[in-house]
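Below is one structure; the comments refer to it alone.
Letters A, B, ... are given to chains in the order of the sequence lines, protein chains preceding strands, and every chain is numbered from 1. Computed over heavy atoms, backbone and side chain alike; hydrogens, waters and symmetry mates excluded.
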Amino acid sequence: MAAEPRSALPGALRRWDTALIATLLLVTLAAALLVDGFATGRNTQFLLLDAVAVGLVALPVTLIIVTGEIDLSVASTLGLCSAVMGQLWLSGWPLELVVLAVVALGAVLGAVNGLFVTGFGLPALAVTIGTLAAYRGLAFVVLGDRAVADFPRQWTDAAGGTAPAGAIPAAMLITALAAAGCAVLLHATPLGRALFAIGNNAEAARFSGIAVARTKFWLFVGCGAVSGLAGVFWTLRYASARADNGQGLELAVVAAVLLGGVSIFGGRGTLAGVCAGVLLLVTLRNALQLADVPADTLDIVTGSLLIVSVIAPRALSGLRQRRRSRATRT
Amino acid sequence: MSRAHPRELGVLAALVLLVAVTAAANSRFLSGQSIRDLLLSAAVLTVLAAGQTIVVLTRNIDLSVGSVLGLSAFGTADLLSAAPGTPLPLAALAGIAVGALCGALNGALISYGGVPALVITLGTLYVFRGIAHSWAAGRQINAADLPRPFLNLGTATVAGIPVLALLATAVVLAVAVWLHSYRSGRELYAIGSEPAAAARAGIPAGRRVRTAFLLSGSLAGLAGVLYAARYGTVDATAGQGLELQVVAAVVVGGVAIFGGSGTVLGAALGALLLTCIGTSLAVLRVDPFWQQAVVGALILAAIGLDRLLTARLAARAARTAGAVRTAPEVSRGS
């Protein structure tokens with residue numbers, strides 16, 4: 001019975017990806033026609049900048065969810081890294097060194113998650129809810145409710161300003177490159193195949209010689225480092241290091257990844273789908289914001305998208321199965 | 001379930017130790033007024049923790065409780081300020097009904113959709129909060145807008161004990177009796193410890209899980225009513241972030257996050273311990289920003305301890321049985 005839906009999967013997956021990209025194009029077209037100020041160069045740049053933090057963090061979270069685990073602490077890691085960045089800059093460190101230290105800190109925070117999950121065999125959900133609270137709490141311990149704002153202009157301009165050349169901000173170019181790298185890693189390397197194998201059946205993966213625990217551990221480390229990098233970007237883009245930076249971002253990230261067709265149970269998903277998911281989410285929020293829909297409604301939209309994106313594939317495969325069983329019966 | 005008892009004693013010991021240390025540092029911590037304040041603050045968290053226990057026992061989780069509390073608290077306060085003549089029991093029922101509706105939606109999505117409760121309730125956490133914000137539209141309802149008898153409920157005492165604390169105790173006792181002595185309650189343990197076996201034994205898992213979420217939502221609704229009575233000032237952000245404390249209370253109280261084990265009494269003690277930590281930090285003049293970090297550390301410590309106890313019990317069982325069947329479990333981490 002379990003093999004039945006899996007054999008039907010590649011087709012369903014391709015259809016989900018295509019449907020998603022079609023939806024993205026449709027939403028973009030509708031927004032361009034209906035919403036004033038959407039189809040301008042300036043708004044496109046803002047939209048792409050908005051997609052950077054969500055997109056960056058969504059990459060390692062995708063890899064983690066493919067293996068059947070989850071990381072809910074990414075936004076808190078971003079916040080703690082931002083707070084520490086502010087504190088180190090205040091105490092006079094050179095900014096290059098601050099950035100390195102903050103990314104390293106992110107990796108350490110990810111290693112703590114990884115250690116709890118793989119070393120002690122604890123459920124990632126419970127661990128990262130714990131560190132979600134702990135890291136955010138530490139962020140406030142480090143910086144309180146103060147904000148550090150006096151970062152050098154050329155750095156904040158590079159992160160948040162308009163692009164140096166063309167319409168695409170440099171930060172988005174870096175994110176796109178990272179996404180391409182992750183896509184190659186996930187879909188064209190033995191490591192990528194190992195991640196899918198772990199997500200489909202960790203026990204079988206272990207017996208076939210995959211170092212399941214070690215792989216998961218390093219995924220969490222990488223996820224922490226990328227969240228730290230996203231913290232650096234966030235801080236510079238808004239020229240403000242704050243303990244509550246990125247609060248709630250975990251929802252947008254998880255919503256984008258699942259919307260992109262990655263199964264919450266692990267074992268399937270594509271990076272192209274995730275990229276489309278991220279862009280769809282960000283475009284929808286951007287268009288609604290421009291159309292003067294209040295921020296509260298945006299939360300309802302994001303939350304509903306998350307729910308729909310996990311229920312829709314199940315409902316679709318259920319329908320397809322029923323149709324098939326009816327066909328075989330007659 | 002046999003190992004739940006030492007766990008509750010452990011939480012109780014930690015509670016006594018914390019109170020002793022804080023009282024030694026500041027004798028006013030044990031004054032009647034501050035104990036009443038502590039019980040009042042713990043009441044809301046305890047009611048939420050009782051509901052969360054029911055859900056976690058079935059190997060699910062309800063992250064939306066903070067938002068449900070906010071929606072119900074604002075709804076109740078809005079109703080009472082718009083129609084001050086509303087009988088209080090009716091207003092309370094309305095608040096509980098809001099929660100029940102949210103819980104029923106969660107349960108239906110999870111059991112009919114066949115998707116993890118984590119994702120659904122993470123989604124509804126934002127949906128319910130968004131609805132509360134849209135409803136409030138920036139308004140805040142102040143104590144002056146609420147009828148006096150309702151606010152009195154928040155501070156009234158019977159024989160020196162706050163009414164809210166008595167209500168919370170009644171909820172915990174009712175849930176404890178249900179879980180312990182009724183077949184439908186005991187079946188939650190079976191569903192949580194081995195869903196496949198429970199299904200084979202003919203337990204209607206889907207219906208039980210829907211009931212669990214309905215109860216969790218209703219209790220979060222009740223907690224919203226208590227919150228409005230206690231604080232008097234309510235806006236759409238009421239209870240924001242509370243879900244973390246509730247999950248912490250439940251796992252610290254010995255309810256296994258993987259379901260199937262734990263008691264509501266333990267969860268209530270966990271809620272009391274967490275509230276006590278918040279008050280103690282203030283009395284000991286520790287930066288209040290530490291509180292959330294402590295909550296996170298407690299969650300990690302509690303699930304770590306749980307794993308340690310399980311591994312030790314398994315090892316002992318293996319030794320007495322003279323078998324090494326648990327070896328894969330031990331070697332999981334390597």
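Only the side chain of A/I264 comes within contact range of chain B, with at least one heavy atom under 4.5 Å from a heavy atom of that chain. Contact annotation for A/I129: both backbone and side-chain heavy atoms come within less than 4.5 Å of a heavy atom of chain B. In this structure, chain B has a heavy atom under 4.5 Å from the side chain of A/I70, while its backbone stays farther away. Heavy-atom distances place the side chain of B/I61, and not its backbone, under 4.5 Å from chain A. Contacts between B/L122 and chain A at a heavy-atom distance below 4.5 Å involve backbone atoms as well as side-chain atoms. For chain A, the nearby part of B/L63 is the side chain; its heavy atoms alone come within less than 4.5 Å. When heavy atoms are compared at a cutoff of 4.5 Å, A/E250 approaches chain B solely by way of its side chain, counted from C-beta outward. B/I303 touches chain A through backbone and side chain together, each having a heavy atom under 4.5 Å away. Of the two parts of B/L244, only the side chain, counted from C-beta on, holds a non-hydrogen atom closer than 4.5 Å to a non-hydrogen atom of chain A. Contact of A/L305 with chain B is not made at all, since no heavy-atom distance falls under 4.5 Å.
Closest approach of B/A132 to B/A236, counting heavy atoms only: O-CB, 3.6 Å.
Separating the CD atom in B/Q240 from the NE2 atom in B/H133 is a distance of 5.5 Å, to the nearest 0.5 Å. How far CG of A/L288 is from OG1 of A/T302: 9.0 Å, rounded to the nearest 0.5 Å. Atoms OG1 and CZ, on A/T118 and A/F217 in that order, are 6.5 Å from each other to the nearest 0.5 Å. Taking CG of B/L188 as the start and CZ of B/R59 as the end, the distance is 13.5 Å to the nearest 0.5 Å.
A heavy-atom distance below 4.5 Å is found between the side chains of B/I277 and B/L273. Within the 4.5 Å cutoff, no side-chain heavy atoms of A/V54 are placed close to those of A/R285. Using a 4.5 Å heavy-atom cutoff, the side chains of B/I54 and B/S216 are not in contact.
Across B/L118, B/V247, B/I257, the residue that shares the most heavy-atom pairs under 4.5 angstrom with chain A is B/L118. The candidate with the highest count of non-hydrogen atom pairs below 4.5 Å against chain A, out of B/F289, B/F128, B/Y112, is B/F289. Among B/L109, B/D287, B/V295, the residue with the largest count of heavy-atom pairs under 4.5 Å with chain A is B/L109. Contacts with chain A were tallied for B/V294, B/T124, B/V119, B/I131; B/V119 has the most, counting heavy-atom pairs under 4.5 Å.
Aromatic ring pairs are classed by plane angle as parallel below 30°, tilted from 30° to 60° and perpendicular above 60°; the pair B/F74 and B/W135 is perpendicular.
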